[in-house]
Visitor: 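Have a look at this one before I ask anything.
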Amino acid sequence: TGSSRPQRILKAVQKNATKGDPQSVISAIDYYCRHKEWAMNVGDDKGLILDSVLTEVNPSMALELGTYCGYSSVRIARLLSPNSKLITVEFNPAFAAIARQIIAYAGLQDKVTIVEGASGDLIPKMKERFGLKSFDFVFLDHWKDRYVPDTKLLEDCGLLRKGTVLLADNVICPGAPEYLKYVRNNPRYESRYYPSVLEYTKAEDGLEKSVFLG
Ligand SMILES: O=C(NC/C=C/[C@H]1OC[C@H](O)[C@@H]1O)c1cc([N+](=O)[O-])cc(O)c1O
Ligand SMILES: [Mg+2]
């Protein structure tokens with residue numbers, strides 16, 4: 001039984017990145033996944049769009065659904081203002097264990113809370129667990145067929161406020177057609193598509209930014 005892909009990504013970070021330097025962690029993962037072994041990080045092309053939307057929103061409370069190895073957790077947390085926080089939800093405990101180490105290697109452990117479990121179970125418990133009113137920003141990057149039910153759940157749990165920005169990965173590849181239909185034909189959202197490419201490839205993909213109008 002050899003290592004897993006997430007374990008190899010962690011090794012690449014420990015070998016090539018500088019402890020406490022988030023940008024070097026991002027670059028080490030991008031280099032490894034572009035030249036050695038593809039992995040489902042949002043990546044450097046779509047990552048620039050994530051960075052710019054995040055900088056514009058400057059959220060106090062951010063939520064990520066689908067941590068995987070923590071690549072986008074690092075991208076998000078490195079841009080948060082002091083005292084702002086990211087909660088990231090990961091279903092797979094093995095992924096969460098690697099993500100925790102990668103986020104810590106970047107020195108961002110105080111800004112990021114990794115929660116293990118199913119988003120559908122965890123979302124209804126967030127207000128009480130974290131004493132929060134609502135999220136300012138949500139990055140959707142988990143199972144693509146969970147984007148719609150979890151968005152509805154966030155609405156129903158009062159976790160979105162007027163102006164909350166949802167940013168969804170992979171709306172073209174692998175695709176989230178139901179989600180695009182849901183946010184684009186919905187008077188409660190103002191949606192815009194950011195064209196890009198699937199991480200580390202030339203395949204078409206993009207991010208959908210949807211502002212909740214309350
Ligand atoms: O399935 C994807 N993401 C959802 C991940 C699902 C699994 O990893 C995290 C989650 O807990 C589950 O165990 C995905 C797939 C591709 N892809 O090209 O196949 C590209 C991407 O950017 C993706 O986010
Ligand atoms: Mg993705």
Side-chain angles (χ1 to χ4, degrees), residues 3-10 13 25-26 29-54 62-77 86-103 112-126 137-151 153-154 165-180 182-183 191 193-210:
S3 63
S4 69
R5 186 173 318 195
Q7 283 169 327
R8 294 191 290 273
I9 290 171
L10 172 60
V13 166
V25 169
I26 292 164
I29 296 173
D30 283 332
Y31 186 88
Y32 183 79
C33 294
R34 183 174 290 281
H35 299 292
K36 307 280 191 248
E37 188 175 19
W38 187 90
M40 59 181 170
N41 317 117
V42 72
D44 39 3
D45 301 287
K46 289 182 290 180
L48 289 174
I49 301 167
L50 170 59
D51 290 356
S52 70
V53 172
L54 203 92
L63 173 66
E64 174 180 63
L65 301 175
T67 316
Y68 188 43
C69 294
Y71 173 90
S72 45
S73 308
V74 169
R75 281 204 89 108
I76 292 167
L86 170 66
I87 295 172
T88 183
V89 176
E90 178 48 58
F91 176 74
N92 182 319
F95 293 170
I98 297 294
R100 198 166 280 109
Q101 295 173 77
I102 287 179
I103 290 161
V112 182
T113 303
I114 303 181
V115 194
E116 289 181 40
S119 50
D121 301 337
L122 293 167
I123 287 170
K125 299 172 183 159
M126 290 206 167
F137 177 84
V138 183
F139 183 52
L140 298 93
D141 193 21
H142 59 331
W143 293 124
K144 309 315 163 194
D145 59 3
R146 287 300 310 175
Y147 284 18
V148 172
D150 285 344
T151 298
L153 201 49
L154 287 165
V165 170
L166 306 186
L167 190 64
D169 190 25
N170 310 116
V171 295
I172 304 299
C173 179
E178 297 306 311
Y179 179 76
L180 288 182
Y182 180 73
V183 290
S191 245
Y193 175 62
Y194 291 78
S196 185
V197 289
L198 179 68
E199 49 265 28
Y200 318 117
T201 77
K202 292 187 169 24
E204 184 189 353
D205 190 21
L207 301 174
E208 186 82 359
K209 175 191 169 191
S210 307

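Numbers here simply count residues along the sequence, with the first being 1. Just follow the structure's listing: the first ligand is 1, and inside any ligand the first atom is 1.
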Visitor: Answer yes or no for Trp38: is there a heavy-atom contact with ligand 1 below 4.0 Å?
Guide: yes
Visitor: Give a yes or no on whether the backbone of His142 and the side-chain of Lys144 come within a donor-acceptor separation of less than 3.5 Å.
Guide: yes
Visitor: Hey, are the side chains of Asp30 and Arg34 touching, using non-hydrogen atoms and a 4.5 Å cut-off?
Guide: no
Visitor: With respect to Trp143, determine whether any N or O atom, backbone or side chain, lies less than 3.5 Å from an N or O atom of ligand 1.
Guide: no
Visitor: For ligand 1 and Tyr68, I'd like to know whether there is a polar contact (N/O to N/O, distance under 3.5 Å).
Guide: no
Visitor: Checking only N/O/S atoms, does Asn41 have one that is under 2.8 Å from the Mg ion (ligand 2)?
Guide: no
Visitor: Would Glu199 count as a polar contact of ligand 1, with the cut-off being nitrogen or oxygen pairs under 3.5 Å?
Guide: yes
Visitor: Sub-3.5 Å donor-acceptor pair from the side chain of Arg5 to the main-chain atoms of Trp38, do we have one?
Guide: yes
Visitor: For N/O/S atoms only: which one belongs to Asp141 and is nearest the Mg ion (ligand 2)?
Guide: OD1
Visitor: Record the part of Leu198 in heavy-atom contact with ligand 1 below 4.0 Å; permitted values are side chain, backbone, both and neither.
Guide: side chain
Visitor: Is it the case that the side chain of Glu90 and the backbone of Thr67 share a donor-acceptor pair, with hydrogens and angles ignored and the cut-off at 3.5 Å?
Guide: yes
Visitor: Go through ligand 1 atom by atom and flag the ones less than 4.0 Å from a non-hydrogen atom of Phe91.
Guide: 11 (O)
Visitor: For N/O/S atoms only: which one belongs to Asp169 and is nearest the Mg ion (ligand 2)?
Guide: OD2
Visitor: Relative to the heavy atoms of Asp141, which atoms of ligand 1 are at a distance of less than 4.0 Å?
Guide: 3 (N), 4 (C), 24 (O)
Visitor: Looking at Tyr71 and Gly43, would you say the former's side chain and the latter's main chain have a donor-acceptor pair under 3.5 Å?
Guide: yes
Visitor: Among Trp143, Phe91, Phe95, Phe139, which residue satisfies the ring-ring contact (aromatic ring centres under 6.0 Å, His included) criterion with Tyr68?
Guide: Phe95
Visitor: With a 4.0 Å cut-off on heavy atoms, does Cys173 reach ligand 1?
Guide: no
Visitor: Using a 4.0 Å heavy-atom cut-off, which part of Asp169 comes near ligand 1: side chain, backbone, both, or neither?
Guide: side chain
Visitor: Just verifying a value: how many Å separate Asn41 CG and Asp169 CG, rounded to the nearest 0.5 Å?
Guide: 10.0 Å
Visitor: Output yes when a side-chain donor or acceptor of Asp205 lies under 3.5 Å from a complementary backbone atom of Ile172, and no otherwise.
Guide: yes
Visitor: If we ignore hydrogens and angles and just use 3.5 Å, is the side chain of Tyr147 paired with the main-chain N or O of Leu140 as donor and acceptor?
Guide: yes
Visitor: Answer yes or no: is there a side-chain heavy-atom contact under 4.5 Å between Met126 and Val89?
Guide: yes
Visitor: When you measure from atom 10 (C) of ligand 1 to each heavy atom in His142, Glu90, Lys46, which option holds the nearest one?
Guide: Glu90
Visitor: Would you mind checking which non-hydrogen protein atom is closest to atom 3 (N) of ligand 1, with the distance to 0.1 Å?
Guide: Lys144 NZ, 3.3 Å
Visitor: When you measure from atom 19 (O) of ligand 1 to every protein heavy atom, which one gives the shortest distance, and what is it?
Guide: Pro174 CG, 3.6 Å
Visitor: For atom 13 (O) of ligand 1, what's the nearest protein heavy atom and its distance?
Guide: Phe95 CE1, 3.5 Å
Visitor: Out of Asp145, Leu65, Asn170, whose heavy atom sits nearest atom 21 (C) of ligand 1?
Guide: Asn170
Visitor: Spell out, as yes or no, whether a donor-acceptor pair under 3.5 Å connects the side chain of Arg75 to the backbone of Ile26.
Guide: no
